[in-house]
There are 4 protein chains.
Amino acid sequence: MGREKKFSREELWDATRELVLEVGYTGFTFSLLAERLDISRAAIYKQFHNKEDLMIDYMVYEMEFSIALLQSIDANKDFEHQLDDLLNKMYSMKDVHQALGLATTIPSTTEHVIQQKQKLGGMHRDLYAPLVKVIDQGKSEGKIAQHRSANMLLGFIFQTIDVPNFERLTPENLIQEMKEFILYGLIGKNIE
Amino acid sequence: MGREKKFSREELWDATRELVLEVGYTGFTFSLLAERLDISRAAIYKQFHNKEDLMIDYMVYEMEFSIALLQSIDANKDFEHQLDDLLNKMYSMKDVHQALGLATTIPSTTEHVIQQKQKLGGMHRDLYAPLVKVIDQGKSEGKIAQHRSANMLLGFIFQTIDVPNFERLTPENLIQEMKEFILYGLIGKNIE
Amino acid sequence: MGREKKFSREELWDATRELVLEVGYTGFTFSLLAERLDISRAAIYKQFHNKEDLMIDYMVYEMEFSIALLQSIDANKDFEHQLDDLLNKMYSMKDVHQALGLATTIPSTTEHVIQQKQKLGGMHRDLYAPLVKVIDQGKSEGKIAQHRSANMLLGFIFQTIDVPNFERLTPENLIQEMKEFILYGLIGKNIE
Amino acid sequence: MGREKKFSREELWDATRELVLEVGYTGFTFSLLAERLDISRAAIYKQFHNKEDLMIDYMVYEMEFSIALLQSIDANKDFEHQLDDLLNKMYSMKDVHQALGLATTIPSTTEHVIQQKQKLGGMHRDLYAPLVKVIDQGKSEGKIAQHRSANMLLGFIFQTIDVPNFERLTPENLIQEMKEFILYGLIGKNIE
DNA sequence: TATGAATGAGGGTTCATTCAT
DNA sequence: GATGAATGAACCCTCATTCAT
């Protein structure tokens with residue numbers, strides 16, 4: 001009963017991601033989204049009470065995906081292989097990660113947004129958990145000094161992933177560069 | 001003769017910087033700027049044809065300041081001291097640097113914006129020039145491998161500077177952490 | 001055979017009355033009505049082509065009820081007792097009467113509305129008929145001057161019923177005040 | 001400096017009054033108002049932050065006018081002449097009075113509205129004050145019983161003024177009818 | 001030159017109404 | 001007959017920009 005939906009959640013989130021990456025959070029409008037999905041603005045309002053509700057739900061969706069992705073890192077491999085895996089996966093979610101950075105700019109006007117923001121806060125820990133394990137593996141292998149803060153190191157890694165690719169390296173080469181920098185810094189491995 | 005300007009460029013740029021940091025590029029409006037300077041919006045329009053023109057000019061202004069700052073690094077010191085100096089200076093322009101990051105989001109609608117964007121591209125090189133010298137110093141001291149791309153390394157450094165300070169370290173400690181990561185990566189100095 | 005109706009007319013008019021009194025005519029929406037009856041909006045549209053059609057039909061329904069109520073005034077009692085009865089009954093339909101006042105604000109867009117508005121006009125006479133009898137009784141008892149227009153006097157009575165109860169009198173006291181004013185005006189009975 | 005206003009406050013309030021009487025508070029929109037004044041909607045927003053602010057200010061304006069009008073009743077005349085004067089003046093503000101009745105339906109969303117509502121409350125007393133004097137005059141002349149509540153009686157008078165003119169009497173005759181009803185009620189003067 | 005006033009385009013949102021199952 | 005989904009028109013409001021003094 002009732003007629004068939006013209007657009008699925010999947011389609012909606014895909015279009016949302018595209019648009020957020022193209023025009024940013026403030027540039028993102030229901031008009032644009034509706035146009036891209038070839039539906040009316042009102043149709044979206046049937047499912048989301050307002051723009052903020054939609055955006056925060058989108059972010060939770062992306063976060064869940066990211067968590068699942070990072071949780072799939074094989075904890076049985078050695079540190080270097082785990083790091084490889086980690087960097088590849090983080091690189092694949094690079095764009096989305098930037099979009100998620102906008103979460104902080106969503107004003108908390110509705111109860112729903114407040115709740116979802118709290119949820120996102122909790123998910124942040126879930127996202128970091130597998131990464132902390134990688135760092136720990138590094139420490140247990142004696143590769144990383146015990147005293148270094150995993151959070152800080154992960155912060156650096158996340159930042160490094162977002163480096164602009166001015167030199168237009170291939171993803172493989174770019175990731176290789178990142179890996180070298182992340183592991184050994186400016187000084188590099190081969191020196192001294 | 002004629003009426004005296006009610007506001008100087010200096011005041012205007014200061015107010016612009018404050019506002020951009022407070023509300024972001026999209027939140028930045030002529031209304032806000034006029035209010036802060038206690039002048040009318042129309043007065044600003046006399047000097048800048050539109051919002052984008054003003055923003056791009058502001059960025060050129062900040063870039064010039066940044067270039068001057070980074071050019072003041074003493075090329076006679078050794079690599080580590082230069083790097084220290086570099087990081088401290090970059091840290092002090094951290095916020096502005098983030099604001100500059102918004103440059104990419106300015107749509108190129110007017111001829112003026114297109115020209116200034118090109119100019120900014122050129123200035124980017126000027127900004128990097130003193131930094132490349134630091135890297136070169138590192139290479140000449142045998143600290144950095146010859147084959148590594150200075151641009152890439154600088155990109156990493158810039159990214160690292162922007163790391164979020166979740167652990168609320170003091171600036172001194174934060175810079176210390178950055179330095180260690182930038183120099184030696186995850187692996188760190190004391191290992192191997 | 002056919003699905004059973006999920007809601008009766010009675011239920012629908014009850015819900016309509018509640019809502020109109022709560023939110024007014026313009027605040028009244030099919031969404032609210034559907035929600036209160038726990039059915040879909042479309043189900044209402046099956047029975048009423050549009051909002052105005054429903055509202056005008058609702059008013060005819062209320063009018064019929066009001067007519068029946070006022071017709072129950074016992075024409076055999078004397079003037080004062082009839083007036084008592086009248087005021088009590090009018091007071092009990094006070095809210096609905098106010099709601100009916102909104103009828104005039106319904107735009108006559110459909111043929112149905114136009115017809116029903118005419119019907120309402122006719123019913124207005126039916127509503128007034130028993131009241132005119134009360135006035136006539138007053139005249140025949142020599143309480144009311146023959147020359148006075150019954151319609152006009154009834155208009156005054158209806159207006160008086162709607163007086164705002166700023167002093168928060170009990171209904172009994174309020175009705176008593178009304179009665180005194182309606183019968184004797186400002187000057188009052190006990191004077192002269 | 002700056003260009004000349006295309007519309008004065010006076011014009012704006014006149015157009016507002018017309019529209020409110022034509023379409024009611026909820027039917028009143030900035031679009032309609034702008035169209036009638038032949039200006040853009042945005043021009044109105046320059047002067048009033050939102051619809052409610054405008055409406056509440058309009059009501060204060062009308063209230064001030066009404067107060068001035070009623071204060072001009074000559075307190076030295078006798079009761080009947082004062083009442084005459086009163087009814088004539090109230091009749092002339094009949095429409096506005098109906099519009100003022102809508103004040104209660106304005107939602108209090110902004111601070112400004114809340115303040116103005118309080119102000120209106122105070123003005124209500126100012127409006128009633130000269131009327132209470134008329135009642136008092138009636139009492140001192142022995143025309144009105146001492147125990148009767150002036151507020152209640154004024155409520156009745158206000159209601160009576162709003163009676164619908166179904167019989168299309170001339171204003172003079174209508175006022176005459178009102179006066180008779182208000183003074184002597186149904187029973188009338190000449191009886192007993 | 002600086003200003004107050006005015007404007008048009010566009011964003012967020014609601015609602016009466018229609019359509020397809 | 002009942003439903004869920006979709007729609008377009010209209011509303012409130014903001015903002016970049018222009019105009020006339």
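In what follows, chains are A, B, ... by sequence order, proteins preceding strands, each numbered from 1.
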Taking all non-hydrogen atoms of both residues, which atom of Arg17(B) and which atom of Asp14(B) are closest, and how far apart?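 What the structure gives for the nearest pair is NH2-OD1, 2.7 Å.
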Looking for any heavy atom pair under 4.0 Å, which part of the strands does Phe28(C) touch: base, sugar-phosphate only, or nothing?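 The answer is sugar-phosphate, as Phe28(C) gets under 4.0 Å only of primed atoms, P, OP1 or OP2.
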In whole Å, what is the span from the [atom1] atom of [X] to the [atom2] atom of [N]?
X: Asn50(A); N: dC11(F); atom1: CG; atom2: P; value: 22 Å
X: Leu37(D); N: dA5(E); atom1: CG; atom2: P; value: 16 Å
X: Leu33(C); N: dA16(E); atom1: CG; atom2: C1'; value: 13 Å
X: Gln47(B); N: dT3(E); atom1: CD; atom2: P; value: 11 Å
X: Ile44(A); N: dT7(F); atom1: CD1; atom2: P; value: 10 Å
X: Ile39(D); N: dT18(F); atom1: CD1; atom2: P; value: 21 Å
X: Asp38(C); N: dG4(F); atom1: CG; atom2: P; value: 10 Å
X: Phe48(D); N: dC11(F); atom1: CZ; atom2: P; value: 19 Å

Could you check Ala42(D) against Tyr45(D) and say which one's nearest nucleotide on DNA chain F is further toward the 5' end? Tyr45(D)
On DNA chain F, nearest-nucleotide positions of Phe30(B) versus Glu4(A): which is more 5'?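 Nearest nucleotide further toward 5': that of Glu4(A).
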Taking 4.0 Å as the cut-off, does a side-chain nitrogen or oxygen of [X] come that near to OP1 or OP2 on [N]?
X: Lys51(B); N: dA16(F); answer: yes
X: Thr29(B); N: dC15(F); answer: no
X: Lys46(C); N: dT3(F); answer: no

Whichever of Ser31(A) and Gly27(C) has its nearest DNA chain E nucleotide further upstream toward 5': Ser31(A)
For DNA chain E, whose closest nucleotide is more 5', that of His49(A) or that of Ala43(B)? Ala43(B)
In Watson-Crick or G-U wobble terms, with both distances under 3.5 Å, the base opposite dG8(F) is dC15(E)
Now, which nucleotide makes the Watson-Crick or G-U wobble pair with dT21(F), with each of the two distances under 3.5 Å? dA2(E)
Taking only residues at least two apart or on different chains, which pairs with a member in residues 35-56 of chain A satisfy ring pair (Phe, Tyr, Trp, His ring centres under 6.0 Å)?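 Listed once each, the pairs are Trp13(A)-Phe48(A), Phe30(A)-Tyr45(A).
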Using side-chain heavy atoms (C-beta onward) and a distance below 4.5 Å, is His97(D) in contact with Ser66(D)? no
Looking at the base of dG12(E), is there any donor atom on it, or on the side chain of Arg41(A), that sits under 3.5 Å from an acceptor on the other one?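 By the distance-only test, yes, there is a pair.
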CA sep, side-chain torsions, deciding dist, call: Val113(C), Met55(C), side chain to side chain contact (heavy atoms under 4.5 Å, CB included): CA-CA 9 Å; Val113(C) 170; Met55(C) 283 306 301; over 6 Å; no
Could Arg36(D) and Glu22(D) be called an ion pair, given the rule that one side-chain N must be under 4.0 Å from one carboxylate O? yes
